[in-house]
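All ligand and atom numbering here is 1-based and tracks the order in the structure. Both backbone and side-chain heavy atoms feed into the values below; hydrogens, waters and symmetry mates do not. Quantities reported herein were computed from a predicted structural model and do not represent experimental measurements.
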Amino acid sequence: MQSPITPVPRLVTMSVSTGAVPTATTTLSAIEQSKRLAAYTAVDKHILPEHKVIGIGSGSTVPYVVERIVAQGRELNKDRVFIPTGFQSKELIVMSDLNLGDVDQFPTIDVTIDGADEVDLDLNCIKGGGACHLREKVLAEAANTFIVVADYRKNAEYLGTNFTPGVPIEVVPFAYAQVLRKLHDVLGSPNATLRMAKAKAGPVVTDNSNFVIDAPFPREIMMDPSTILAKIKMLTGVVEVGLFCNMAQAAYFGNEDGSVTVKRKVESKVVEESILPS
Ligand SMILES: O=C[C@H](O)[C@H](O)[C@H](O)COP(=O)(O)O
């Protein structure tokens, strides 16, 4: 169950303390502080004592999610199980001494919290900058509540505004050249490329032993992410697309001024509000 926040039609400021701004902030950059603020606020609002099965996403914002969950205390966490979206979050769970589970044991998750590469006005997201979007989508779908946390740079009107590498597409290695050709010639992404590894010769290989293609699309296509998602997904060899459409119930964005912008679905509309720093 989500804790109540008064819905308002557009951005308003509310005299509500985030209660999440730690006192020792000097060692973190503004962006890291924003990630932490978003993560702490989202955990405080959505990870409640009754939640026993919790999905943990991937990326650089998620460690702050886990940090805040750990801070809820051993007593609350001892009866919970945490489901990871990949190698990184599995390590986080284990290193934090939380109970590790798998989605095949717990196909229904109370709440999944995850990062995002960009989020649009309708809470559609690009995900997969860390090549984890297949498992992330499984845990987002399995969750009764799917919450996104990010810094202010990810809060955009349209997908592809600030996050420019393109839509991450996980493909089976055998099919990558054929999928690339279709993206170039048929689906309107002439600059789609196979993602190459940084400290390894050759392509990035996902936790599922697949490759990733990054496919940038023009604005007119990204304004309707559900349509391009369906078209990409139909290509033979595509395992999953890093477009999460109509999945997130809320997104929390930490801002540089210490406020948090919250966008959330209320009766299929997105309402936005701001939580001021204390
Ligand atoms: O594959 C990676 C995931 O989708 C991440 O959640 C996404 O890239 C956002 O990561 P970060 O929190 O590092 O911006």
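- In this structure, the side chain of E118 does not engage the main chain of I126 through any donor-acceptor pair within 3.5 Å.
- At a heavy-atom cutoff of 4.0 Å, ligand 1 is contacted by no atom of P168, backbone or side chain.
- Taking a cutoff of 4.0 Å between a charged side-chain nitrogen and a carboxylate oxygen, R68 and D44 qualify as a salt bridge.
- Taking the six-membered ring where the residue is Trp, the centroids of H133 and F244 are separated by 6.0 Å or more.
- For K35, the heavy-atom gap to ligand 1 stays at 4.0 angstrom or more.
- Using a 4.5 Å heavy-atom threshold, the side chains of F82 and L100 count as separate.
- Between D110 and K52 there is no salt bridge, since no side-chain N of the basic residue sits under 4.0 Å from a carboxylate O of the acidic one.
- Of all the listed residues (R135, E136, E170), E136 holds the heavy atom that lies closest to atom 4 (O) of ligand 1.
- Close contacts of ligand 1 with K127, meaning ligand atoms under 4.0 Å from a residue heavy atom, involve 3 (C), 4 (O), 5 (C), 6 (O).
- Ranking protein heavy atoms by distance to atom 14 (O) of ligand 1, first place goes to K154 NZ, 2.6 Å.
- Annotation: atom 13 (O) of ligand 1 to nearest protein heavy atom, S60 OG, 2.5 Å.
- Within the 4.5 Å cutoff, the side chain of L98 has no heavy atoms near those of the R80 side chain.
- Using a 4.0 Å cut-off to heavy atoms of G130, the atoms of ligand 1 that qualify are 1 (O), 2 (C), 8 (O).
- Residue nearest to atom 6 (O) of ligand 1, selected from G59, S58, G86, C132: S58 (by heavy-atom distance).
- Salt-bridge check for R195 with D214: passed, with a basic side-chain N closer than 4.0 Å to an acidic carboxylate O.
- No donor-acceptor pair closer than 3.5 Å links the side chain of N124 to the backbone N or O of D120.
- Ligand 1 has G128 within reach: a non-hydrogen atom of the residue lies less than 4.0 Å from it.
- Close approach of ligand 1 to D114 (heavy-atom distance below 4.0 Å) involves ligand atoms 6 (O).
- Note on K263 versus E273: no salt bridge recorded, every NZ/NE/NH1/NH2 to OD/OE distance being 4.0 Å or above.
- Of all atoms in ligand 1, numbered sequentially from 1 with element shown, those under 4.0 Å from a heavy atom of T61 are 11 (P), 12 (O).
- Scanning the protein for heavy atoms near atom 7 (C) of ligand 1, the closest one is D117 OD1, 3.4 Å.
- Polar contact with ligand 1: present for A131 (N/O pair, distance under 3.5 Å).
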